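To start, the structure under review is shown below, and the notes come after it.
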Amino acid sequence: MASKKQALLEPITVGDLVLKNRVVMAPMTRSRADNIENAPTELHAQYYAQRASAGLVITEGSQVSAAAVGYINTPGIYTPAQVEGWKLVTTAVHALEGKIFIQIWHVGRISHPDFFGGELPLAPSAINPNTKSFTPEGFKDTVTPKAMTIDDITQTIADFKQAAVNAKEAGFDGVEIHSSNGYLFHQFFNATSNQRTDAYGGSIENRARFLFDVLDAVKEVFPQNRIGIRLNPSLHGAFGMDADKETIPTFDYIVRRLNDYQLAYLHLSEPFTDVSAVPFLVTNIARHYRPLYKGNLMINNAFDQDKGNKIIEDGLADMVAFGKAFISNPDLVERFENGAESAPWDDATFYTPGEKGYTDYPTLIASELV
Ligand SMILES: Cc1cc2nc3c(=O)[nH]c(=O)nc-3n(C[C@H](O)[C@H](O)[C@H](O)COP(=O)(O)O)c2cc1C
């Protein structure tokens, strides 16, 4: 049995919240909102409640409007039915003394006209990411999106603000803005996907503007210390995103400027692909950004118990977000407490409807009783 004294299992103060440990459930799309409203259900409540021993649960990406969607069966946070559905989730997690933030999401150009009655998806510029979109009819090639007008941008900022209002009504402890992984915010940051010549393109400051506009709108709804920001600075060759020489200076600017806010946390991912041969990218995100960011730093990607404990002990992160390990180990925290093995996940059921591969992974105790 492992010692209970582990950095991951120490409580942490995040704004006015005390999280019971530093093991965070990473946001993960699970595509179970397969109803006409794209509303969460009792099944979602059961899934998240099973994982409520995490210090913080971050929900799957949840579209802020009908225009923000890019995958089938993802839940939204813009209709009354969706708010009611999310109430089931927050109530279930809170009943177990868990804390839960909702990840608010706009996919931008990683979508398809099939979601919009033939209309084009929105993006900073009319540049096709040349990737795939998971539509109701299966994977399809992405298209050249519509470059957002200033009115589109203003509307989208308002949509994020309204999503925050709805999240509050649904009982969430906070929101995480999904400015990561090649989606809309990331499309604004990147100099290839953003070729605008107005206040939202060109300079680093302009390419970062959309994020700060949204953050300023959302902080009128939630206190700053109930808002998290997610970034993936060295994303390259995935989600239609190719980094360039301006990428890291852009993220450096964003991260430094986030010090002006008293956020709940900054959530960073280590590179999703091997970028060691890309001279202008950072291979060790925590090491690079820890000195730049003054607040709580959450780190993610391919961590296990040992690596998670070590990165906190080394002072390079304050919390660790675990993704796939939480899919197959609802009791991941208890497993860490007991030094138990983690169960493997089945990626065939990541996005399939129903309980299978969703709520049917046993806890250690349950599996020992079988
Ligand atoms: C099934 C699945 C769905 C995901 N959906 C999201 C999402 O909605 N939002 C997000 O920011 N990241 C999403 N991710 C990325 C995870 O949050 C995380 O960054 C990734 O799984 C790497 O962490 P891990 O190695 O601990 O799994 C998803 C990952 C998986 C496996």
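Side chains are part of it too, since the values below use all heavy atoms of this structure and drop only hydrogens, waters and symmetry mates. Read the numbers this way: they start at 1 and go in the same order the structure lists the ligands and their atoms. None of the values given here were measured: they were computed from a predicted structure.
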Pull out every atom of ligand 1 sitting under 4.0 Å from any heavy atom of [X], numbered as shown with elements.
{"X": "His178", "value": "9 (N), 10 (C), 11 (O)"}
{"X": "Asn181", "value": "10 (C), 11 (O), 12 (N)"}
{"X": "Ala26", "value": "17 (O)"}
{"X": "Phe350", "value": "1 (C), 31 (C)"}
{"X": "Met28", "value": "2 (C), 3 (C), 4 (C), 5 (N), 6 (C), 8 (O), 28 (C), 29 (C), 30 (C)"}
{"X": "Gly61", "value": "8 (O)"}

Going by atom types alone, do [X] and [Y] pair a side-chain donor with an acceptor below 3.5 Å?
{"X": "Glu60", "Y": "Tyr48", "value": "yes"}
{"X": "Asn301", "Y": "Ser269", "value": "no"}
{"X": "Asp141", "Y": "His112", "value": "no"}
{"X": "His267", "Y": "Glu176", "value": "yes"}
{"X": "Tyr361", "Y": "Asp346", "value": "no"}
{"X": "His94", "Y": "Asp173", "value": "yes"}

Should [X] be counted as touching ligand 1, given the test is an N or O pair under 3.5 Å?
{"X": "Ile327", "result": "no"}
{"X": "Ala302", "result": "yes"}
{"X": "Gly323", "result": "yes"}

Considering only the protein, which heavy-atom contact is closest to [atom], and what is its distance?
{"atom": "atom 6 (C) of ligand 1", "value": "Pro27 O, 3.2 Å"}
{"atom": "atom 11 (O) of ligand 1", "value": "Arg230 NH1, 2.6 Å"}
{"atom": "atom 22 (C) of ligand 1", "value": "Asn301 OD1, 3.2 Å"}
{"atom": "atom 23 (O) of ligand 1", "value": "Asn300 ND2, 3.0 Å"}
{"atom": "atom 8 (O) of ligand 1", "value": "Thr29 OG1, 2.7 Å"}
{"atom": "atom 9 (N) of ligand 1", "value": "Gln103 OE1, 2.8 Å"}
{"atom": "atom 21 (O) of ligand 1", "value": "Lys324 NZ, 3.7 Å"}

So is [X] touching ligand 1 or not, going by heavy atoms under 4.0 Å?
{"X": "Phe322", "answer": "yes"}
{"X": "Ala325", "answer": "no"}
{"X": "Tyr351", "answer": "yes"}
{"X": "Phe272", "answer": "yes"}

Problem set entry | Ring centroid separation Phe251 to His186 under 6.0 Å |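 Yes, they do, as the ring centres are separated by less than 6.0 Å.
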Exercise. Does Phe101 have its ring centroid less than 6.0 Å away from the ring centroid of Phe172?
Worked result: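 No - the distance between ring centres of Phe101 and Phe172 does not fall below the 6.0 Å cut-off.
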Exercise. What class does the angle between the rings of Phe139 and Phe134 fall in, given that below 30° is parallel, 30 to 60° is tilted and above 60° is perpendicular?
Worked result: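 Because their plane-to-plane angle is under 30°, the rings of Phe139 and Phe134 count as parallel.
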Problem set entry | Lys/Arg N to Asp/Glu carboxylate O, Asp16 vs Arg226, below 4.0 Å |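 Here Asp16 pairs with Arg226 in a salt bridge, since their nearest N and O are under 4.0 Å apart.
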Exercise. Salt-bridged, Glu313 to Lys310, with N to O below 4.0 Å?
Worked result: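 Not counted as a salt bridge, because no side-chain N and carboxylate O are separated by less than 4.0 Å.
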Exercise. Applying the 4.5 Å side-chain criterion to the ILVMFWY set and letting contacts propagate, would Ile58 and Leu211 be lumped into a single cluster?
Worked result: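 Different clusters.
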